[in-house]
Amino acid sequence: MKDVGSRVISRRSLLAGGACGTVALVVGFRLTEAGGTARRATTQASFQPHAFVRITTDGNVTAIIGPAEMGQGVFTALAMVLADELDANWKDVTAEASPADPAYGNPLFGGLQATNASTSIPVFYDSMRHAAAAAKAMLVSAAAARWGVAPSACRTSEGAVFSPDGSRLAYGELVPDASKLSPPPKEALRLKDPSEFRIIGRSMPRLEGRAKVTGRPIYGLDVDLPHMLTATVARKPVPGARVKSYRRETALRSPGVRAVVEIPSGIAVVADHFWAALQGRQKLSVEWDLSAAGELLSSEEVEQRYRALAQSPGAVAAHRGEPALELARAQNVFEREYVLPYIAHAPMEPLNCTVHETPDGCDVWLGTQYQSLDKKVAAKTLGVSPDRVRIHTQYLGGSFGRRGSPDADVVKETAEILAAVRALKAPIRNVWTREDDIRGGLYRPMALNRLRASVGTDGFPTAWAHTIVARSPCIDSEFAFLVADGVDATNVAGAKDLPYAVANLSVDVHQPSFGASVQWLRAVGNSSTCFAIESFIDELAHQGGHDPVEYRRQLLDGDSKNARLLQVLELAAQAANWGDALPTGRGRGVAVHDYWGTKAAQVAEVEVKGDQVRIDRVTCAIDCGLVVNPDGVKAQVEGAIIFALSAALYGEIALENGAAKQSNFDDYPLLRFDATPQIDVVLVPSKEPPSGIGEAAVPHAAPAVFNAIFAATGRRVRRLPLIRDGMKA
Amino acid sequence: MGSDKKLTINGREHVVPAPDGMPLLWVLRDLLKLRGTKFGCGKALCGACTVHLDGVAVRSCVLPVERAVGKSVRTIEGLGDERLHPLQDAWLDHQVSQCGYCQSGQLMAAASLLERNPNPTSAEIDAEMSGILCRCGTYPRIRAAILSVAEKMMRAAGADAS
């Protein structure tokens with residue numbers, strides 16, 4: 001049990017101009033290992049019966065959210081879940097980032113506080129409702145006691161309790177009494193029936209929407225503390241490089257530079273502000289010794305080795321029937337290879353972190369997907385006890401996985417800089433440039449998929465063998481529990497659970513450790529497996545003269561597990577006018593995929609003139625179970641498709657001598673406004689438990705577009721990005 | 001360090017000790033603490049740093065501060081006044097923002113476009129807005145928001161004329 005919740009620095013205090021602003025005290029409240037257990041917590045002014053909710057005497061309700069808000073809308077969605085069950089008035093509801101504490105750990109990830117794999121809604125939907133129901137029961141008991149009636153005779157609505165005779169007590173008025181009560185046990189709570197929902201299922205605007213259109217300083221990079229200095233690092237070009245020489249004195253003489261220090265990742269220049277730090281860094285003229293850096297491979301060399309590995313089976317992820325036997329004896333066997341390059345996350349807000357040591361510990365401000373590791377790493381690096389490290393999670397200016405790195409690299413580096421310049425007694429803000437970000441490693445794994453299928457006379461597959469080669473982001477991290485029998489679940493997802501009816505199946509994986517360092521990127525390995533499978537199935541359909549939608553339909557039909565997948569396939573095809581004739585040079589392509597429980601199908605429509613590809617329209621039908629915030633879900637689907645199109649058309653980090661060739665948005669382009677297609681989203685109404693939405697529409701876009709290009713031209717592209725194939729987009 | 005520069009930002013005069021060559025972006029963010037204008041690339045490639053210089057959208061990350069002296073600078077903090085700018089309202093109506101980081105630049109570019117051209121064609125919107133990157137993929141909603149404001153402006157202009 002850790003007593004870290006006794007001091008919460010509110011976001012408002014940061015906005016007011018620094019850590020030394022207003023401090024909201026939540027006295028006597030202990031967060032615990034058991035996030036789901038309601039705990040008693042009280043002050044006269046506020047009521048926090050549970051780690052997830054705080055109610056104040058003025059009636060304000062704050063949802064305290066463990067997952068990071070990085071644009072996916074989790075603050076608003078979880079606050080909606082809370083507000084609905086609590087019967088709060090929506091206008092009284094706000095959300096704030098939780099501290100780093102086991103109470104906010106993700107049970108799917110062994111309690112790590114990490115925002116990953118679109119799990120925030122599926123994981124916290126129930127626990128948020130339980131927290132709200134407990135708080136509501138305490139408020140009702142307090143009101144009932146005042147009126148001398150039975151709690152069961154009272155009802156709640158719009159932030160107030162009503163007595164049988166119509167008397168009303170607002171939640172705020174009940175806070176002092178309610179905070180003296182013990183929370184009821186979870187078993188005693190009655191959760192609403194979905195028919196009683198009044199907020200869940202309605203489109204609600206983002207709680208922080210106004211801050212985001214008025215330029216409020218809400219991101220990590222906006223943190224500003226008194227006497228703060230800014231650092232930027234001349235980082236090693238490849239892991240294992242050593243400093244040979246640099247011009248320390250020249251950099252120190254640069255205006256505004258206060259210190260130049262060597263740290264494990266490179267040479268840090270600390271200055272009055274970022275521009276001064278950058279000017280100093282440019283004067284370092286560092287020469288690097290690469291002799292101890294090990295193998296410095298090019299992307300081509302990595303790919304050749306991957307191809308060689310794919311010739312033999314890897315660790316087994318799935319096996320049924322006799323795939324090898326069937327492939328050996330079949331008449332018609334098709335073999336294809338699909339390759340995805342390394343890509344960088346490139347969130348619009350460059351990586352940054354601010355660390356400040358105080359007599360009682362240290363404060364860390366950053367946008368992060370991984371608070372539990374940040375805390376551990378800051379503590380270890382600065383030699384303080386973890387319970388004295390306070391993580392202040394800011395809004396994330398995008399992340400897509402990057403701010404959840406397996407070694408908390410930016411926190412570690414910033415703490416190392418601080419430790420090296422302690423004599424300056426200043427908070428340190430560490431800022432990466434865009435070039436640092438694009439060249440900094442931790443890319444989406446390069447992946448090579450070798451697929452083989454035998455096909456019967458009817459054109460349908462009788463055996464299917466899928467060999468994947470991709471480095472694992474999980475091995476050697478706290479997420480190693482996702483690796484079982486040598487198989488990283490995130491590398492084979494979507495492949496090992498192939499939904500298509502094939503009697504003989506093998507899926508295996510090689511996870512070599514050479515090449516660039518890797519990190520999950522939005523939609524993890526499903527981007528690779530979906531591209532490979534949905535391209536290959538499309539090839540098999542055309543090979544046998546089948547319509548690609550009909551072919552998939554037949555392969556999905558007959559298994560009740562596929563009912564929801566079939567439904568999204570039908571809905572997408574219908575909404576996209578699949579089957580309507582198109583003029584020459586235009587084509588439609590389809591892809592269907594289940595992303596960790598969320599089922600989606602996409603149809604892309606393209607026009608190809610010579611080598612010029614124009615994506616006109618992408619239609620997506622999606623079933624993510626119960627929908628909390630419909631417009632938020634639509635926004636995630638639109639954004640996921642655009643994010644995926646950047647990767648499909650342009651995205652590539654190419655290695656040369658072990659380092660990225662690309663450096664900024666000129667050679668690492670993203671999809672721009674004028675190339676954006678019309679996007680139509682069909683949401684499937686559902687009473688199933690909610691599944692994730694932040695990533696679920698990413699995997700389909702690339703195969704749908706490439707299949708459409710084939711339909712338009714007969715040209716089959718089996719490698720991302722499209723521009724590598726000599727096409728323009 | 002640096003000579004004092006007299007800057008007019010959002011109608012207010014500031015005297016700031018900034019060296020020649022320091023980009024306006026960093027003068028705004030680090031010296032004047034106006035942190036609504038964002039750093040994204042440092043090379044005028046992403047447009048997150050877009051501000052107005054005498055009403056024209058410019059990339060402040062590559063604009064040396066001395067070139068802003070004697071001119072009027074407008075940033076996201078000065079786009080609305082007590083009330084939001086119509087584009088900010090439209091951004092909320094269409095729920096444009098996701099992570100929100102690029103939206104200062106998007107809004108400043110859109111405002112400059114509509115001030116020059118209250119009734120832009122689709123191609124004119126493309127030309128202005130394609131300079132501003134959004135990694136979250138909010139482009140379709142940005143287009144809808146701009147069109148809704150343009151439509152309102154044209155209706156209002158039509159009402160005035162009649």
Side-chain angles (χ1 to χ4, degrees), chain A residues 69-73 203 205-206 208-219 221-222 224 230 255-256 272-276 278 346-350 395-400 431 433-435 631-632 635-636 638-643 646 664-666 670-676 678-679, chain B residues 1-2 18-19 21-23 25-27 29-31 33-43 45-46 48 75-77 79-80 84-85 87-89 91-92 95-104 107 123 125-143:
Chain A
E69 176 54 67
M70 48 190 160
Q72 84 281 40
S203 288
R206 195 176 268 284
E208 77 285 10
R210 195 178 167 101
K212 285 179 172 175
V213 299
T214 52
R216 298 298 300 157
I218 58 175
Y219 304 97
L221 199 57
D222 300 336
D224 183 41
T230 300
D272 290 334
H273 51 74
F274 176 72
W275 180 247
L278 192 63
M348 291 313 300
E349 179 196 7
Y395 285 98
L396 282 63
S399 186
F400 316 110
V431 179
T433 63
R434 177 58 55 195
E435 289 79 6
D631 188 58
Q636 283 308 292
E638 294 161 10
I641 289 168
I642 290 168
F643 185 90
S646 284
N664 206 319
F665 294 124
D666 46 356
L670 305 178
L671 195 80
R672 290 185 182 269
F673 192 90
D674 59 353
T676 300
Q678 176 188 333
I679 297 173
Chain B
M1 51 175 274
M22 183 169 177
L25 170 67
W26 295 107
V27 175
R29 286 188 58 84
D30 279 2
L31 303 187
K33 314 293 185 187
L34 287 168
R35 286 161 287 152
T37 306
K38 299 305 185 197
F39 169 49
C41 71
K43 288 189 172 165
L45 297 167
C46 78
T75 70
I76 186 71
E77 288 90 348
L79 184 62
L84 294 181
H85 185 281
L87 280 166
Q88 290 169 313
D89 278 324
W91 247 239
L92 293 176
Q95 285 294 294
V96 169
S97 303
Q98 290 189 26
C99 90
Y101 191 79
C102 71
Q103 299 301 342
S104 297
L107 279 157
I125 297 177
D126 278 355
E128 182 74 37
M129 301 310 296
S130 292
I132 324 285
L133 290 175
C134 172
R135 188 70 162 135
C136 297
T138 62
Y139 304 132
R141 288 170 186 241
I142 290 173
R143 184 186 298 279

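Values below: all heavy atoms of this structure, side chains included; hydrogens, waters and symmetry mates excluded. Order of the sequence lines fixes the chain letters, A, B, ..., with proteins taken first and strands second; residue numbering starts at 1 for each chain.
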field: Closest non-hydrogen atom pair, A:G215 against B:S104
entry: CA-OG, 4.0 Å
query: When you measure from the side chain of A:D674 to the backbone N and O of B:D126, does any donor-acceptor pair fall under 3.5 Å?
result: no
field: Backbone of A:M348 reached by a side-chain donor or acceptor of B:R135 within 3.5 Å
entry: no
- request: Look at the side chain of B:Y139 and the backbone N and O of A:I642, then say whether any donor-acceptor pair between them is shorter than 3.5 Å.
  value: no
- request: For B:L133 and A:F665, run side-chain contact (heavy atoms from CB on, under 4.5 Å): C-alpha distance rounded to whole Å, both residues' side-chain angles, the deciding distance at 0.1 Å, then the answer.
  value: CA-CA 9 Å; B:L133 290 175; A:F665 294 124; 3.6 Å; yes
Distance (rounded to the nearest 0.5 Å) between B:T138 OG1 and A:E638 CD: 9.5 Å
- request: Give me the ring orientation class for B:Y101 and A:Y219: parallel if the planes are under 30° apart, tilted from 30 to 60°, perpendicular past 60°.
  value: perpendicular
query: At a heavy-atom separation under 4.5 Å, does B:I125 approach chain A through its side chain, its backbone, both, or neither?
result: both
query: Got a second to check how far B:C134's SG is from A:F643's CZ, nearest 0.5 Å?
result: 11.0 Å
statement: Residues B:M22 and A:H273: closest non-hydrogen pair is CE-CE1, 3.4 Å
task: Locate the shortest heavy-atom distance separating B:L45 from A:R672; write the atom from each residue and the value.
output: O-NH2, 2.9 Å
- prompt: Which atom pair, heavy atoms only, marks the closest approach of A:V213 to B:S97?
  reply: CG1-OG, 3.9 Å
task: Please flag which part of A:E435 lies under 4.5 Å from any non-hydrogen atom of chain B: side chain, backbone, both or neither.
output: side chain
field: Region of B:L79 that comes under 4.5 Å of a non-hydrogen atom in chain A
entry: neither
- prompt: In Å, rounded to the nearest 0.5 Å, how long is the span from OG of B:S130 to CG of A:L671?
  reply: 9.0 Å
- prompt: Side chain, backbone, both or neither: which part of B:R29 has an atom under 4.5 Å from a heavy atom of chain A?
  reply: side chain
statement: Paired with A:D222, the salt bridge (Lys or Arg N to Asp or Glu O under 4.0 Å) test is passed by just one of B:R35, B:K38, B:K33, namely B:K38
query: When heavy-atom pairs shorter than 4.5 Å are enumerated against chain A, which of B:L84, B:V27, B:L107 gives the highest number?
result: B:L84
query: Is a side-chain N or O of A:N664 found less than 3.5 angstrom from the main chain of B:C41, in a donor-acceptor match?
result: yes
query: Are the side chain of A:K212 and the backbone of B:Q98 linked by a donor-acceptor contact shorter than 3.5 Å?
result: yes
- request: List the atom of B:F39, the atom of A:R434, and the distance in Å for their closest heavy-atom pair.
  value: CZ-N, 4.3 Å
